[in-house]
Amino acid sequence: MQNKLVIVFFLFSALVFSQETEVVKDSTVTFKKRVLESTEVDFMLSYYNQDGLHSSVSGGIGSEKLTDIASNIVVAIPMNDDDVLTIDAGISAYTSASSSNINPYDSKNPTPWQSSSGASEQDALVSLVANYSHSSNDRNFIWNADVSFSNEYDYTSIGFGGGVSKLFNDKNSEVSVKVNAYLDQWRPIYPGELRNGNFSSYNPLFSPNFVAWDSTARNSYSASISFSQVLTKKTQFSIFFDLVQQEGKLSSPYHRIYFADKPNYYFGNPSFIPNYENTSNAGVYRLADAIEKLPSSRFKLPIGLRWNYYINETFVVRTYYRYYTDNWDITAHTASIEVPIKLTDKFTVSPMYRYYTQTQSKYFAPFEKHLSTEEFYTSDYDLSSFNANQYGLGVSYTDIFTSSKIWKFGLKNIDFRFNHYNRSDGLSSNIGSLGFKFVMQ
C-alpha cells in the first residue's frame, strides 16, 4: 500500500578476503584469496509503527495507523574461490486501520478515523531474492545476476537483473552498472461500495464514476550507474544516478476519490454529515465518487552523492545527498549525516539525522478538491508537498574472533537501530531493527 511504508527488506552484504588458495599458471605459483571464506548468515527483526490523518483509502482523510513486524534471513554461500550465492528470504506481517477501511461496512459505526474488522485489516508480505556473483582472479572485475519474488494479498512481483563492477587504480576506484526489471501483477480490490455494482444497496441515488480495471500489470525498469573513489587515506566519495521507467497500472485500486462537484452520499448515521472531516464524527462513512486514477507511465531520475571522512580511530563522518525529479512534477532533496563513534574495540554507536523535502505532484489534491472533469486524480499524501525529519541511533557490537557460538556458527556482530520519523502533513513513525551476523566455523 502506498501509505504503508514499504517495509523493507534488509540485506547485510559482506566480502571477506581471508583464505588463501594456490593457483598454478605458466609454471608460476601465485596466490589468491577466496571472495568469501565460509558461509555467513544474517538474521534481522524489525518493528514499525505509524500514525497520521490522511488515509489514501479514505480519500485523503482518516487514520493511517499501521504496525508491521518483519524478519529477514540472508545466507551467503561460497560456491568456490570466486563465486558466491546469496539467498535473502523475508516475511512481513502488518495490521492497518487504513487498509481495513477498504470495506468498512461490516461495522455498525463505520468511520475513516478507526479500523474496521474487514479481512484487509491484516496481511503478510513474503519475499525471496537469489543473487549469484563472480569475481575475476585479480578481484578487479565482478559480475552478478539476481532473481526475486514477492507476494501479498493483492499483489505479486517477479524481478530479475544483473550488474558489473570494475575496480582499477589499485582498487581505489570503482565503476558499477546495474539493470533490473520487475514485472508485477495486481489482484485489484476495490472499495467495498464499488465491488458488486449494486450501488443502490448503499444509497438509491449513488452513481459513482467507476469502471473496473481492464488490465492489472505494472512493470518497472531501472538502470543504475555509480562511481566511487578513495581520494586520500581518510576520504572517500561516490556518485550515482538511476534511470527508472514504470509502465502500466500505477494507481492503487482501493484509494478513494471524492469530487468537489459531485453530490455527497453516505453510509451510516446522517446526523454527522455536516462535519464529516472532524475526527469526532463516528458512525458515518462517505461513499466514493471514484478511485484514484494516474497516468500509465512515469519516469524517475535520482542523482546522489556520498562522502565519508575518517577523522581518527574514534570518529567517522558519513554524509549523503540525493536530488530526485520525475515527470509527475515531483522534485525532492534528501540529505543525511551519520557519525559512528567507536567506544571500544567491540562497541560503536552511530547517531544519525536525515532531512527530506518534496514538491507536490500535478495530479494531487486534498480531500474533496478534485473535479470530476479532471483526467487524473489522487489524494495520496505521498504525492503531496511535505518536509520530513528523521532522527536515529545505532549501536553495533563486533567480535572479530567470533568467540560466541551457536552450533557451528560464530557470532560476528550485532546491530541495533532505532529511528523516529516526522512528516509535516502529520504522519509520524518509529522503526527499530535488530540484526545478527553469524559465520560458519
Side-chain angles (χ1 to χ4, degrees), residues 1-8 46-70 91-125 152-155 187-195 202 251-258 266-269 272-273 275-289 291-292 364 366-368 378-384 386 388 419-432:
M1 298 186 63
Q2 289 189 359
N3 70 332
K4 176 179 96 173
L5 198 102
V6 180
I7 302 301
V8 154
S46 68
Y47 174 80
Y48 172 85
N49 68 69
Q50 72 171 44
D51 199 1
L53 304 173
H54 297 291
S55 167
S56 303
V57 172
S58 300
I61 64 171
S63 173
E64 295 180 90
K65 284 185 179 179
L66 180 147
T67 60
D68 183 284
I69 299 175
I91 184 168
S92 170
Y94 73 88
T95 60
S96 169
S98 180
S99 63
S100 72
N101 284 331
I102 294 174
N103 186 28
Y105 309 112
D106 53 359
S107 171
K108 294 181 179 179
N109 297 301
T111 168
W113 305 105
Q114 65 184 27
S115 172
S116 82
S117 57
S120 55
E121 180 185 11
Q122 55 190 359
D123 188 40
L125 168 68
E152 54 185 318
Y153 75 107
D154 64 338
Y155 203 83
R187 290 181 292 278
I189 298 176
Y190 305 112
E193 66 269 33
L194 304 180
R195 290 183 191 176
Y202 295 91
S251 310
S252 294
Y254 39 75
H255 285 181
R256 289 178 175 86
I257 294 295
Y258 299 108
Y266 298 84
F267 180 92
N269 187 340
F272 295 107
I273 290 176
N275 299 305
Y276 182 66
E277 293 183 67
N278 192 311
T279 59
S280 66
N281 294 333
V284 64
Y285 205 101
R286 183 167 165 181
L287 305 178
D289 293 325
I291 60 172
E292 178 182 79
F364 171 83
F367 172 78
E368 207 177 17
T378 178
S379 293
D380 181 356
Y381 271 72
D382 286 347
L383 300 178
S384 70
F386 64 85
N419 282 276
H420 176 72
Y421 175 84
N422 272 318
R423 212 158 85 172
S424 57
D425 63 3
L427 180 71
S428 63
S429 65
N430 297 287
I431 183 169

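Scope of the values below: all heavy atoms of this structure, side chains included, with no hydrogens, waters or symmetry mates. Positions are given from 1 along the sequence.
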field: CA sep, side-chain torsions, deciding dist, call: S252, D380, side-chain contact (heavy atoms from CB on, under 4.5 Å)
entry: CA-CA 10 Å; S252 294; D380 181 356; 5.9 Å; no

Rounded to the nearest 0.5 Å, what separates atom [atom1] in [X] from atom [atom2] in [Y]?
{"X": "Y190", "Y": "H255", "atom1": "OH", "atom2": "NE2", "value": "14.0 Å"}
{"X": "S99", "Y": "L66", "atom1": "OG", "atom2": "CG", "value": "7.0 Å"}
{"X": "I61", "Y": "L53", "atom1": "CD1", "atom2": "CG", "value": "10.0 Å"}

- request: With sequence neighbours excluded, tell me which residues meet side-chain hydrogen bond (donor to acceptor under 3.5 Å, both in side chains) with T67.
  value: T95

- prompt: What pairs with Y155 under side-chain hydrogen bond (donor to acceptor under 3.5 Å, both in side chains), at least two apart in sequence or on another chain?
  reply: D184

Testing the basics here: between [X] and [Y], what is the closest heavy-atom pair and its distance to 0.1 Å?
{"X": "N422", "Y": "S428", "answer": "OD1-CB, 3.3 Å"}
{"X": "D68", "Y": "S92", "answer": "OD2-OG, 2.6 Å"}
{"X": "Q50", "Y": "S429", "answer": "CB-CB, 3.7 Å"}
{"X": "N101", "Y": "R256", "answer": "O-NH1, 2.9 Å"}
{"X": "R286", "Y": "E368", "answer": "NH1-OE2, 3.1 Å"}

message: Suppose we call two aromatic rings close when their centres sit under 6.0 Å apart. Are Y258 and F367 close by that rule?
response: yes

message: Before you tell me yes or no, could you show the steps for S379 and I257 under side-chain contact (heavy atoms from CB on, under 4.5 Å), namely the whole-Å CA-CA distance, both residues' side-chain angles and the distance that decides it to 0.1 Å?
response: CA-CA 7 Å; S379 293; I257 294 295; 4.0 Å; yes

query: Would a 4.5 Å heavy-atom cut-off, applied to side chains only, mark N419 and N430 as touching?
result: no

query: Going by heavy atoms in the side chains, are P191 and I291 under 4.5 Å from each other?
result: yes

Contacts of D425 that satisfy side-chain contact (heavy atoms from CB on, under 4.5 Å) - sequence neighbours left out: H54, Y381, S384, R423, L427

Judged by atom type as modelled, is there a donor-acceptor pair below 3.5 Å linking the side chain of [X] to the main-chain atoms of [Y]?
{"X": "S100", "Y": "A97", "answer": "yes"}
{"X": "E292", "Y": "S251", "answer": "no"}
{"X": "D123", "Y": "Y153", "answer": "yes"}

field: No-hydrogen, no-angle side-chain donor-acceptor test under 3.5 Å, Y254 and S56
entry: no

message: As a quick check of understanding, evaluate side-chain hydrogen bond (donor to acceptor under 3.5 Å, both in side chains) for E64 and S98, giving each step before the final call.
response: CA-CA 5 Å; E64 295 180 90; S98 180; over 6 Å; no

